[in-house]
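Letters A, B, ... are given to chains in the order of the sequence lines, protein chains preceding strands, and every chain is numbered from 1. Only heavy atoms go into these numbers, but all of them, side chains included; no hydrogens, no water, no symmetry mates. As the structure is a computational prediction, the values presented were derived from the model and not from experiment.
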2 protein chains.
Amino acid sequence: MTTRTATERRARAKVEYDAFLATCPSRQLLDRLSDKWVVLVLCALGGEGGDGPGAPRAMRYSELARLIAGVSQKMLTQTLRSLERDGLVTRTVVATVPVTVSYELTDLGESLHGTTRLLRAWAQDHMDAVLARREEHDAAS
Amino acid sequence: MTTRTATERRARAKVEYDAFLATCPSRQLLDRLSDKWVVLVLCALGGEGGDGPGAPRAMRYSELARLIAGVSQKMLTQTLRSLERDGLVTRTVVATVPVTVSYELTDLGESLHGTTRLLRAWAQDHMDAVLARREEHDAAS
DNA sequence: CGGAATCCTAACCGATACTG
DNA sequence: CAGTATCGGTTAGGATTCCG
């Protein structure tokens, strides 16, 4: 039983590692944030919609769609659903005709929004350096 | 010329927004970080490889492959190449036989590693709450 | 207005095999 | 040892159409 092929060992390692990845908190967070639109929705609901920061506020579906101009309604809906599922935004339906739906950050959502701002800060401070390195590197090819 | 169809307007908005997304620093950073293995490589080179933090250090290709057990060599190479391109890691080749290659974080890379730690902190503090909300939500379906 | 359902394509990514 | 090259399955996500 000590005779295991390299392939078997690799397969085993993979399973264990996948399990680790699946349960690692920071990976779970990154999987969430890596969704192209999550951060933008967070920004919009966090009040950073119209140039410059503002107070977090509730927004209607169509407001979000207009503000985050490039998003398809499929992705916007999908993003909002997953954020709602994770307790980061609330979804409120008012039974007018036609129906009115508004979204708002929860406390948890605002907390996450605060963290994404730190990311943004790093990006704003260092991303130009990264891009410069990239150009240098490409030029030196 | 003021008569534009909704489709035309949407197409226009999409192009503009894609351009915005492509040049927005925080989006560029997130695109980088969203790569499944980037953060793990950063952690490994940052010294968080063998449980608990350590000092950043240079590592060989095979060391990384062993530490980040689940990664395919294709993805590891691809990840390292892109990190090198962005000036976040250095690649050093020593012409022994067989050849020896080692990778190390640059200052920029260490700086980014520091930021990903903040993410990890948020994840560790709040991710359980998120998961709890998720289960509640799924149960209430 | 705020979606849901369907179709369809491009990109990603793992597995495998080969190389200097 | 440290890769490159290629193939094939899976999936993300856009466009479109329909619905309460």
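Here A:Arg60 does not reach the OP1 or OP2 of C:dC1: none of its side-chain N or O atoms lies under 4.0 Å away. Between A:Tyr103 and C:dG3 there is a side-chain polar atom (N or O) within less than 4.0 angstrom of OP1 or OP2. Within the 4.0 Å cut-off from OP1 or OP2 of C:dG2, not a single side-chain nitrogen or oxygen of A:Thr77 is found. For D:dG3, one of the phosphate oxygens OP1 or OP2 lies less than 4.0 angstrom from a side-chain nitrogen or oxygen of B:Arg91. In this model, the phosphate group of D:dA2 is not approached by any side-chain N or O of B:Arg81 to a distance below 4.0 Å at OP1 or OP2.
The minimum heavy-atom distance linking A:Arg120 with A:Cys43 is given by the pair NH2-SG, 2.7 Å. Of all heavy-atom pairs between A:Leu64 and A:Ala44, the closest is CD2-CB, 3.8 Å. Across all non-hydrogen atoms, the minimal contact from A:Leu108 to B:His126 is CD1-CD2, 3.9 Å. Scanning both residues, A:Met127 and B:Pro25, for their nearest heavy atoms gives CG-O, 3.9 Å.
Note: CE (A:Met75) to P (D:dT16) measures 17 Å, nearest angstrom. Separating the CG atom of A:Asp31 from the P atom of C:dC12 is a distance of 16 Å, rounded to the nearest angstrom. Taking atom CG on B:Leu80 and atom C1' on D:dC1, their separation rounds to 14 Å, with Å as the unit. Residue A:Leu21 contributes atom CG, which lies 11 Å from atom P of C:dG14 at whole-angstrom precision. Rounded to an integer number of Å, the gap from A:Leu76 CG to D:dG13 C1' is 13 Å. Separating the NZ atom of A:Lys74 from the P atom of C:dC8 is a distance of 13 Å, rounded to the nearest angstrom. Following rounding to the nearest Å, B:Lys36 (NZ) and C:dC12 (C1') show an atom-to-atom distance of 12 Å. Rounded to an integer number of Å, the gap from A:Gln73 CD to C:dT6 P is 14 Å.
Toward the 5′ end of DNA chain D lies the nearest nucleotide of A:Gln78, the other residue of the pair A:Pro98 and A:Gln78 mapping further downstream. Along DNA chain D, the nucleotide nearest to B:Ser62 and the one nearest to A:Gly70 differ in position, and the one closer to the 5' end is contacted by B:Ser62.
Of the possible donor and acceptor atoms, none in the side chain of B:Ser102 sits under 3.5 Å from a partner among the backbone N and O of B:Arg60.
Of the candidates C:dG14, D:dG14, D:dG20, the closest approach to any side-chain atom of B:Ser72 belongs to C:dG14.
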